[in-house]
*Asks:* 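Below: one structure in structure tokens.
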Amino acid sequence: MLSVFHPYSARSLLYSRLHRNLRETTMTNLITIERIADHVGQRVTIRGWLYDLTPKGKLLFLRLRDGTGLTQGVAYRPEVGDELFERLAHLGQESSLIVSGTVKANDRAPGVPRGYEIAVEEAEVLQDAVGYPITPKEHGVEFLMDNRHLWLRSSKQWAIMRVRATIKRAIIDFFDSRGFLNIDTPIITPSAAEGTSTLFEVGYFDDKAYLAQTGQLYNEANIMAFGKVYCFGPTFRAEKSKTRRHLAEFWMVEPEIAFCDLEQLMALEEEFVSTVVGRALDERANELAVLERDVTALRNVVAPFPRISYDEAVQRVQAIRDATDDPELKEQLAIEWGDDFGSPHETELTKQFDRPVFVYGYPTAVKAFYMEPWPGRPEVCKSVDLLAPEGYGEIIGGSERMSDPEVLLAAIRRHELPEANYQWYIDLRRYGSVPHSGFGLGLERTVTWVCGIEHIRQTSPFPRTLNRMTP
RNA sequence: UCCUCAGUAGCUCAAUGGCAGAGCGUGCGGCUGUUAACCGCAAUGUUGUUGGUUCGAGUCCAACCUGAGGAGCCA
């Protein structure tokens, strides 16, 4: 029995009718495409959107997506009848519809998961969409970003968001299962943790305040109450950065651990990162396939990770520089002991390894004020960055924190920070100070790397960058 | 803030200083296995803005606007 609502003021949407259609739909065996393999041979119903349409004479291929996957509906004119066939054959891309039919396994069927299709028996069109702007062809960045609200429906963007959700879940599970307390840190803060130049300013009643760029200092207070904690939320940087690695708003997870030194911190980081990557590999194989990600590179991400000192890293970069014939690269790679690494340095260094690499013991001068001095080498601090392979660069910055109140006070004065704002922070060292460490991992940079994509903006559903805060 | 590149049809791009073009998408028709299908027909333009050079500017010059990705900074 066919149920085609035809004609109704062609190509216009009537809400009352739309909702009536929805209620009257036979919901027998309503499934998600994600689970289509469990329903081979059954008559099922799916609800979703038309991703693409290929007419082929008496045969019609409808690529259908429902948010959980993508599958192929096959309509055969003699079976569905002329009326429904004609209606389906002229649907616009992204039309919304409800389709019922029998699931069949077929090697030729594309989709996520691939290899299954639905022999269409019935269909109801909720809306015939006209003029959907994003075609299954090449588009430019500006056009796609202007249409971000629609671009999210495209299969690669869909896959990235699903990988992101899994990575987020894996992060939470990792810390929750290891005795960390999830605790929230403020987003509105009175001053910068590490200087004021890169913060978004907001009005706070009659005062000025800033959007937080880190929750770390608060977490140092939290660990003295709870032992091991992590915060996980949005963070804000007003840096005028226009690169494929920067967002103005991004998510960061920041664990902080009492009674933890730099060695133990690195051990935690490598276990953490390899666990998270493993979860993405296990749970998002289909999505990584959509992204055409080389998963063998991800399978190498197994602890332990190589650990090299800043001193050694400088020597390695200098050796790479000496070996190259490319004059541009030679200039970019110029570095002396005491300089911070720029992205060209990090990129070349990470090319030497097949998994993330730790660089520890940076010069005190290029790092934040709160890092513990290296014993016997005050010009070096107990900091560690974790650099992702394949040119993806820094995904984690961490350190052992200063535990001596006098040393900390001296550092605050040396950096000319407003001392009054840091009294509570110094207090943490006055009342039961212990060695402690922590790190921050950028969610979007991690997702960019795991997905193997070009640009960080694709890892945020609605990215905020230097030149864009819409849609 | 600095450097480099770009802006032409809905989209992606061509066009020696000399008639504004193609592919895709869209509409109509054809095709029983399409995977960004294929074949035929049709419609589609304030060449980012302003000024200048020239008989003539999409093209050359100047300024501006918008965007891109790289530096710095950083997750």
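Everything numeric in this text was worked out from a predicted model, so none of it was measured. Only this structure's heavy atoms are used, side chains among them; waters, hydrogens and symmetry mates stay out.
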*Asks:* For the side chain of His90(A), counting heavy atoms from C-beta on, which of rC74(B), rC28(B), rG33(B) is nearest?
*Replies:*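 Minimum distance to the His90(A) side chain belongs to rC28(B).
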*Asks:* Over how many whole Å does the gap from Leu53(A) atom CG to rU35(B) atom P extend?
*Replies:*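 Rounded to whole Å, this separation is 13 Å.
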*Asks:* Would Phe250(A) count as stacked on rA75(B) if the rule is ring centres under 5.5 Å and plane angle under 30°?
*Replies:*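 The ring of Phe250(A) is stacked on rA75(B).
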*Asks:* So, under a plain 3.5 Å distance rule, would you say the side chain of Arg445(A) forms a donor-acceptor pair with the base of rC74(B)?
*Replies:*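 Yes, a donor-acceptor pair under 3.5 Å.
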*Asks:* Please determine whether side-chain hydrogen bond (donor to acceptor under 3.5 Å, both in side chains) holds for the pair Asn106(A) and Glu117(A), giving the CA-CA distance in whole Å, both sets of side-chain angles, and the decisive distance to 0.1 Å.
*Replies:* CA-CA 7 Å; Asn106(A) 188 328; Glu117(A) 62 187 23; 3.3 Å; yes
*Asks:* In whole angstrom, give me the gap between the C1' atoms of rC65(B) and rG56(B).
*Replies:*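 Approximately 27 Å lies between the C1' atom of rC65(B) and that of rG56(B).
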*Asks:* Considering only atom C1', compute the distance from rG17(B) to rU54(B) and round it to an integer number of Å.
*Replies:*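 Nearest-Å result for rG17(B) against rU54(B) at atom C1': 9 Å.
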*Asks:* Pick base, sugar-phosphate or nothing for Glu117(A), based on heavy-atom distances below 4.0 Å to the nucleic acid.
*Replies:*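 Base, at least one base atom sits under 4.0 Å.
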*Asks:* Taking atom types as they are modelled, is there a donor-acceptor pair under 3.5 Å from the base of rG33(B) to the side chain of Thr54(A)?
*Replies:*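 Donor-acceptor pair under 3.5 Å: no.
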*Asks:* Which pairs pass side chain to side chain donor-acceptor pair (under 3.5 Å) with one or both residues in residues 437-453 of chain A, sequence neighbours excluded?
*Replies:*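 Of all non-adjacent pairs touching residues 437-453 of chain A, those that pass side chain to side chain donor-acceptor pair (under 3.5 Å) are Arg164(A)-Glu444(A).
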*Asks:* Would you indicate what Leu247(A) reaches in the nucleic acid, counting non-hydrogen atoms under 4.0 angstrom: base, sugar-phosphate, or nothing?
*Replies:*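 Base, at least one base atom sits under 4.0 Å.
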*Asks:* Whether Arg87(A) and Glu83(A) form a salt bridge (side-chain N of Lys/Arg under 4.0 Å from carboxylate O of Asp/Glu) is what I want to check.
*Replies:*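 Answer for the salt bridge query: no.
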*Asks:* Classify the nucleic acid contact of Asp52(A) as base, sugar-phosphate or nothing, counting any heavy atom under 4.0 Å across all strands shown.
*Replies:*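 Asp52(A): backbone/sugar contact only, no base atoms under 4.0 Å.
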*Asks:* Which residue pairs satisfy the salt bridge (charged side-chain N to carboxylate O under 4.0 Å, His left out) criterion with at least one member in residues 329-350 of chain A, sequence neighbours excluded?
*Replies:*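 Pairs touching residues 329-350 of chain A that pass the test: Glu348(A)-Lys351(A).
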*Asks:* Roughly how far apart, to the nearest Å, are rA43(B) and rU4(B) at atom C1'?
*Replies:*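 Result for the C1' pair: 40 Å, nearest Å.
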*Asks:* How many Å lie between CZ on Arg108(A) and C1' on rA37(B), as a whole number?
*Replies:*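 In whole Å, rA37(B) C1' and Arg108(A) CZ are 14 Å from each other.
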*Asks:* In whole angstrom, give the distance that lies between atom NE2 of His345(A) and atom P of rG72(B).
*Replies:*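 The answer, rounded to whole Å, is 7 Å.
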*Asks:* Expressed as a whole number of Å, how far does the P atom of rU26(B) sit from that of rC19(B)?
*Replies:*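 Rounded to whole Å, the distance is 32 Å.
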*Asks:* Using the side-chain heavy atoms of Thr198(A), tell me which of these nucleotides is nearest: rA36(B), rG33(B), rC73(B).
*Replies:*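 Among rA36(B), rG33(B), rC73(B), the one nearest the side chain of Thr198(A) is rC73(B).
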*Asks:* If you measure from the C1' atom in rU44(B) to the same atom in rC24(B), how many Å do you get, rounded?
*Replies:*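 To the nearest whole Å, 13 Å.
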*Asks:* Under 4.0 Å, counting only non-hydrogen atoms across every strand here, what does Arg114(A) touch: a base, just sugar-phosphate, or nothing?
*Replies:*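 Nothing, no heavy atom under 4.0 Å.
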*Asks:* Can a donor-acceptor pair under 3.5 Å be found between the side-chain atoms of Gln72(A) and the base atoms of rU35(B)?
*Replies:*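 Answer is no: no donor-acceptor pair is held.
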*Asks:* Could I get the full list of side chain to side chain donor-acceptor pair (under 3.5 Å) partners for Arg307(A), not counting sequence neighbours?
*Replies:*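 With neighbours one apart ignored, the set is Glu263(A), Glu270(A).
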*Asks:* With rounding to whole Å, what would you report as the distance between rU47(B) and rG10(B) at their P atoms?
*Replies:*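 That atom pair is separated by 12 Å.
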*Asks:* What nucleotide among rG72(B), rC31(B), rC74(B) has an atom nearest to a side-chain atom of Glu239(A)?
*Replies:*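 Taking heavy atoms from C-beta onward, the closest nucleotide is rC74(B).
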*Asks:* Considering just the side-chain nitrogens and oxygens of Ser343(A), establish if one lies under 4.0 Å of OP1 or OP2 belonging to rA71(B).
*Replies:*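 Yes.
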*Asks:* May I ask you to list the residues of residues 449-471 of chain A, by number, that have any heavy atom positioned under 4.0 Å from an atom of RNA chain B?
*Replies:*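 Correct list: His455(A), Ile456(A), Arg457(A), Asn467(A).
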*Asks:* To the nearest Å, how far apart are Asp339(A) CG and rA71(B) C1'?
*Replies:*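 After rounding, the gap between these two atoms is 15 Å.
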*Asks:* Between rU53(B) and rU12(B), how many Å separate the two C1' atoms, rounded to a whole number?
*Replies:*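 33 Å, rounded to whole Å.
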*Asks:* NZ of Lys104(A): more than 12 outside heavy atoms within 6.0 angstrom?
*Replies:*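 Not buried by this count: 12 neighbours or fewer within 6.0 Å.
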*Asks:* Would Thr235(A) and Arg237(A) count as a side-chain hydrogen bond (donor to acceptor under 3.5 Å, both in side chains) if you check the C-alpha gap in whole Å, the side-chain angles of each, and the deciding distance to 0.1 Å?
*Replies:* CA-CA 7 Å; Thr235(A) 185; Arg237(A) 304 279 166 96; 4.5 Å; no
*Asks:* Check the distance between rA36(B)'s C1' and Tyr51(A)'s OH and give it to me in whole angstrom.
*Replies:*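 After rounding, the gap between these two atoms is 10 Å.
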*Asks:* So what does Pro55(A) hit on the nucleic acid, given a heavy-atom distance under 4.0 Å: a base, only sugar-phosphate, or nothing?
*Replies:*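 Base contact - Pro55(A) has a heavy atom under 4.0 Å of at least one base atom.
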*Asks:* Take the protein atom CZ of Arg237(A) and the nucleotide atom P of rG72(B), then report the distance between them rounded to whole Å.
*Replies:*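 Answer to the nearest Å: 17 Å.
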*Asks:* What residues, two or more places apart in sequence or in another chain, satisfy side chain to side chain donor-acceptor pair (under 3.5 Å) together with His345(A)?
*Replies:*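 His345(A) satisfies side chain to side chain donor-acceptor pair (under 3.5 Å) with no other residue.
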*Asks:* Applying salt bridge (charged side-chain N to carboxylate O under 4.0 Å, His left out), can you list everything that pairs with Glu287(A), at least two apart in sequence or on another chain?
*Replies:*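 Salt bridge (charged side-chain N to carboxylate O under 4.0 Å, His left out) list for Glu287(A), sorted by chain: Arg162(A), Arg284(A).
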*Asks:* Can you list the residues that meet the side chain to side chain donor-acceptor pair (under 3.5 Å) rule with Asn467(A), with sequence neighbours excluded?
*Replies:*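 Side chain to side chain donor-acceptor pair (under 3.5 Å) check on Asn467(A) returns nothing, list empty.
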*Asks:* Round to the nearest Å and state the distance from Leu441(A) atom CG to rA75(B) atom P.
*Replies:*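 Atom CG in Leu441(A) sits about 11 Å away from atom P in rA75(B).
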*Asks:* Under 4.0 Å between any heavy atoms, over every strand shown, what does Ile395(A) touch: base, sugar-phosphate, or nothing? Just pick one.
*Replies:*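 The residue Ile395(A) makes sugar-phosphate contact but no base contact.
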*Asks:* Paired stems touching RNA chain B, three or more consecutive Watson-Crick or G-U pairs with both distances under 3.5 Å?
*Replies:*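 So the stems come out as B:1-7 with B:65-71, B:10-13 with B:21-24, B:26-30 with B:38-42, B:48-52 with B:60-64.
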*Asks:* Find out whether Val290(A) and Leu70(A) are in side-chain contact, i.e. whether some heavy atom of one side chain is under 4.5 Å from a heavy atom of the other.
*Replies:*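 No; the side chains remain at least 4.5 Å from each other.
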*Asks:* I need a per-nucleotide contact map over nucleotides 2-14 of chain B, read 5' to 3'. Cutoff is protein heavy atoms under 4.0 Å; write B for the base, S for backbone only, - otherwise.
*Replies:* ---------SS--
*Asks:* Can you pull the salt bridge (charged side-chain N to carboxylate O under 4.0 Å, His left out) pairs that have at least one residue in residues 446-471 of chain A, sequence neighbours excluded?
*Replies:*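 Those involving residues 446-471 of chain A are Asp146(A)-Arg468(A), Arg244(A)-Glu454(A).
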*Asks:* Show every salt bridge (charged side-chain N to carboxylate O under 4.0 Å, His left out) that has at least one partner inside residues 135-145 of chain A, sequence neighbours left out.
*Replies:*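 Matches after skipping sequence neighbours: none remain.
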*Asks:* What interatomic distance, in whole Å, is found between C1' of rC60(B) and the corresponding atom of rC2(B)?
*Replies:*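 The answer is 27 Å between these two C1' atoms.
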*Asks:* Name all residues meeting the side chain to side chain donor-acceptor pair (under 3.5 Å) criterion together with Lys156(A); count only those two or more places apart in sequence or in a different chain, and write none if there are none.
*Replies:*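 Partners of Lys156(A) under the side chain to side chain donor-acceptor pair (under 3.5 Å) test: Glu292(A).
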*Asks:* Side chain of Pro110(A) only, heavy atoms from C-beta on: which candidate in rA75(B), rA71(B), rU34(B) is closest?
*Replies:*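 Nucleotide nearest to Pro110(A)'s side chain: rU34(B).
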*Asks:* Leu144(A) has an atom CG; how far is it from atom P of rG67(B), in whole Å?
*Replies:*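 It works out to 16 Å between those atoms.
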